[in-house]
Engineer: 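What follows is a structure written as structure tokens; I'll ask about it next.
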Amino acid sequence: MTRKHDDRRTFLKGVGGAATAVGLAGCAGLGGGSERDYFKLGAVTSLSGELRFGGEVTQRGYDLWADTINEEQGGIEVGGETYEVEIEYADAQSTPSTGADAASQMINDGADAILGPYSSNVTLAVCPIMEQNSMPHISGSAESPQIWQEGFEYSFGTIPTVSIIGNEATSALLNLEPQPESVYVTAVNEPFSVATGEAMRAAAEEAGITVENYEEFPRDTDYTNVVSAAQNADPDLHLHGGHIGSHVDLVNAAEQLGYNPDGFLMHYGVNTGSYRDGAGDQGPYTFGATVWIPGVDRSGGVLFDSPQAYADASQSAYDTAPDYTQAGSTAAGIVFQEAFKELGSAPPLTQDDKDELIGILEEIEVNTFYGDVAFETEGEYYHNNINTQTLLVQLGEDGSPSIVGPEESATAEANYPVPAWDER
Amino acid sequence: MVDIGLFTQIVINGLLLGGIYVTIGVGFSLAFGVLEVVDFAVGEYVMVGAFMGAVLAPILGSEGVFVIPIVLVVFFGVGALIQPLIHHVTTGDRPHPLLMGLVFTFGLATFLRGSVLTIFGPNNQDVPSSLLTGGVTIPGIGTFPVVRTVTAVFGVTGLLVFMYYLYRTRGGMAIRAIAEDRTNARLMGININRYQSIAYGAYAALTGSAGVFIGMTFTANPGMGLQYTAFAFFMVVLAGMGYLPGVILAGIVLGLTQSFTAVYISGNLVLLVLFAIIYVVLLVSPAGILGKGEWAT
């Protein structure tokens, strides 16, 4: 009998001890207060759902930064010690609400900082979570101007807002000879694409070009109607804001109806493999906007010596050529790396460290393969890096992009006006 | 002032868009009318057909048209194999057979979409064709995009062939008898499994082939199926559930409504107008525009 009581007591002690250990471990995880000899970054991005393609691009960008810094330098050097970087991912599932939940999860898991989601919609849902929890956050892909107009204190972005990219690319196109006299502007009705279309329209109006029409429509529209209306207006150029699928549908419908403006400018993603694969024979000669391609003349700097060195590293690691979203995501990691060095605190970061990190990010200037990164500290582009120059690219017959504008950055001459569909 | 040139072009666009919907609606209506299966996988058959076009066309001289016979045969075979499974879950002692069929095909749709996404990734894939490019312009009327015109002709031809088979052959009579009353059809000596497999196989073959045409018209993408599933439902509601001849009229109504709303009202209001039409038809004429389908319940 006594023996039985002893057994029970031993058992209860064991259970109690285990529960205490689990509880302490849990508290440590939640609070992030445990000793840790590496920097822990949370990354919220879409690894499933319709934005999976873009989500994977950002993931490659973040991973390439972390893998390179860990392998080549052993991690980030702070106060004479080197700390590796680990990135923990949470799937936003291509929806803003899930992205917000994923961000909260990353914060609860004790991340030192957050790398941002793919797509502006999800980013707009994640930024308020960062504000509530005073968590430093850099987006390597979001482009909607709305993000920066909100004035989020804890969120930064390496890619210039699309209102700048769309405007500058359009201006570069409008400078080509023969100068166009009229444009037709279309945009898919969602925040990023509308911002793109409006930026294109604004650039045309600023240049004194006639805007025949500005039209928004849902993604799944039938593009023969869009093209018929545009064809009836007979513009010199067609400018379009949307994602890759909408570009493909637009050029397919244009080919089928024989709609031949002097050129199509479309943003986002003309210089991606997805556009080339989808558009097929209709892809060549399309103009697009970007802030980075491997062939761009930038000095290089921290971690990667040049744009081409970065492209080679990406090719080697993932067997794929990087686009500017991937490059911008890697640049986001590099900016955190330099900010951590300047902060000088070993991981895990305290809340005071994180608050101090915001001040450092506001002052930081980092020279990277992607370009010089520095964040605005006031105005409508608050905390957005608008220093990286926009490039006008055009796809060649083999689908590869060449920089054709602005004039000072061009590495090739534009094929303009583009050949008619039946002359290709 | 309405521009006549634009107006006639919008009519052409609407009719040809309707033709694309007809290619999907015919098989879907057949599956519902004959097999009483509300097939949630219809859009995914379109998507898989488009991807077969994207994969096989480059092998066959970059010509998507040459893929059509292969897709017809493969999809007929696969459909004939899937049908017994659907029959199994929609008969016997199971409650709510219609719901069981819906759940089964929903699972099938999810499986197909996930499989294609895993194998090919999320990117768009071109279905090349050198035969069906450009458009034919008739002065004073407008431009007829070749690929869309051929797709519409394919859809209408498919409908006529189905109707001939159903109403002019012994096999068609057997299928109609099964649709009327399975038990009595079995008592009359009709091999139910065989004819149901033929019907579902024919539906799958037509829908998969429609996918190749749609891939040539637009592009192949793993996420494209849902849109066509929705339009297939629109088609059968407007046509009258299970009433094949109504499919053409439903396609024309959907295509023209979409085109005219997009150009003369607003592209943003297209879906709103389409849903409004569907609701009105369901309220006023539940048996479809012509009133000859089964009542929507």
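All of these numbers come straight from a predicted model, not from anything done at the bench. Within every chain, numbering begins at 1; the chains are lettered A, B, ... in the order of the sequence lines, protein sequences first and strands thereafter.
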Engineer: Name the option with the most non-hydrogen atom pairs under 4.5 Å to chain A; the candidates are B/T143, B/V136, B/N268.
Structural biologist: B/N268
Engineer: When heavy-atom pairs shorter than 4.5 Å are enumerated against chain B, which of A/V226, A/D220, A/T221 gives the highest number?
Structural biologist: A/D220
Engineer: At a 4.5 Å cut-off on heavy atoms, which part of A/D249 comes close to chain B: side chain, backbone, both, or neither?
Structural biologist: side chain
Engineer: Taking everything shown except B/F120 itself, do over 12 heavy atoms lie less than 6.0 Å from its CZ?
Structural biologist: yes
Engineer: Other residues, nucleotides and ligands only: do more than 12 of their heavy atoms fall within 6.0 Å of CD on A/Q315?
Structural biologist: yes
Engineer: Identify which part of B/Q258 has an atom lying under 4.5 Å from any heavy atom of chain A, answering side chain, backbone, both or neither.
Structural biologist: both
Engineer: Sort B/L117 into side chain, backbone, both or neither according to what part of it lies under 4.5 angstrom from a heavy atom of chain A.
Structural biologist: both
Engineer: Looking at B/R148, B/Q227, B/Q125, which has the largest count of heavy-atom pairs under 4.5 Å with chain A?
Structural biologist: B/R148
Engineer: Count the heavy atoms belonging to other residues, nucleotides or ligands that lie under 6.0 Å from OH of B/Y264, then report whether that count exceeds 12.
Structural biologist: yes
Engineer: Considering only heavy atoms, which portion of B/V146 lies under 4.5 Å from any heavy atom of chain A: side chain, backbone, both, or neither?
Structural biologist: neither
Engineer: Go through the atoms of B/N221 and report whether side chain, backbone, both or neither lie under 4.5 Å from a heavy atom of chain A.
Structural biologist: neither
Engineer: Can you confirm whether more than 12 heavy atoms, excluding those of B/F260, are under 6.0 Å from its CZ atom?
Structural biologist: yes
Engineer: Could you measure the distance from the OG1 atom of B/T261 to the CZ atom of A/F217? Nearest 0.5 Å is fine.
Structural biologist: 15.0 Å
Engineer: Could you tell me which portion of A/N232 (side chain, backbone, both or neither) has an atom closer than 4.5 angstrom to a non-hydrogen atom of chain B?
Structural biologist: side chain
Engineer: If you compare all heavy atoms of A/Q256 against all heavy atoms of B/P145, which two are closest, and at what distance to 0.1 Å?
Structural biologist: CB-CB, 3.6 Å
Engineer: So for A/Q231, is it side chain, backbone, both, or neither that comes closer than 4.5 Å to the heavy atoms of chain B?
Structural biologist: neither
Engineer: B/G267 and A/P218: which non-hydrogen atoms are nearest, and at how many Å?
Structural biologist: O-CD, 2.9 Å
Engineer: Assess the residue pair B/I10 and A/N225 against the criterion (side-chain contact (heavy atoms from CB on, under 4.5 Å)); give the C-alpha distance rounded to whole Å, side-chain angles, the decisive distance to 0.1 Å, and a yes or no.
Structural biologist: CA-CA 7 Å; B/I10 297 310; A/N225 300 313; 3.9 Å; yes
Engineer: List the atom of A/S228, the atom of B/N13, and the distance in Å for their closest heavy-atom pair.
Structural biologist: OG-ND2, 2.8 Å
Engineer: Which atoms of B/T217 are under 4.5 Å from chain A, going by heavy atoms: the side chain, the backbone, both sets, or neither?
Structural biologist: both
Engineer: Among A/N252, A/D222, A/N189, which residue has the highest count of heavy-atom pairs closer than 4.5 Å to chain B?
Structural biologist: A/D222
Engineer: Yes or no on side-chain contact (heavy atoms from CB on, under 4.5 Å) for A/I244 and B/N124, after CA distance, side-chain angles and deciding distance?
Structural biologist: CA-CA 8 Å; A/I244 295 161; B/N124 296 293; 3.7 Å; yes
Engineer: Name the member of B/G223, B/G135, B/S259, B/G255 that forms the most heavy-atom pairs with chain A at distances under 4.5 Å.
Structural biologist: B/S259
Engineer: Among A/L257, A/D281, A/V248, which has the most heavy-atom pairs under 4.5 Å with chain B?
Structural biologist: A/L257
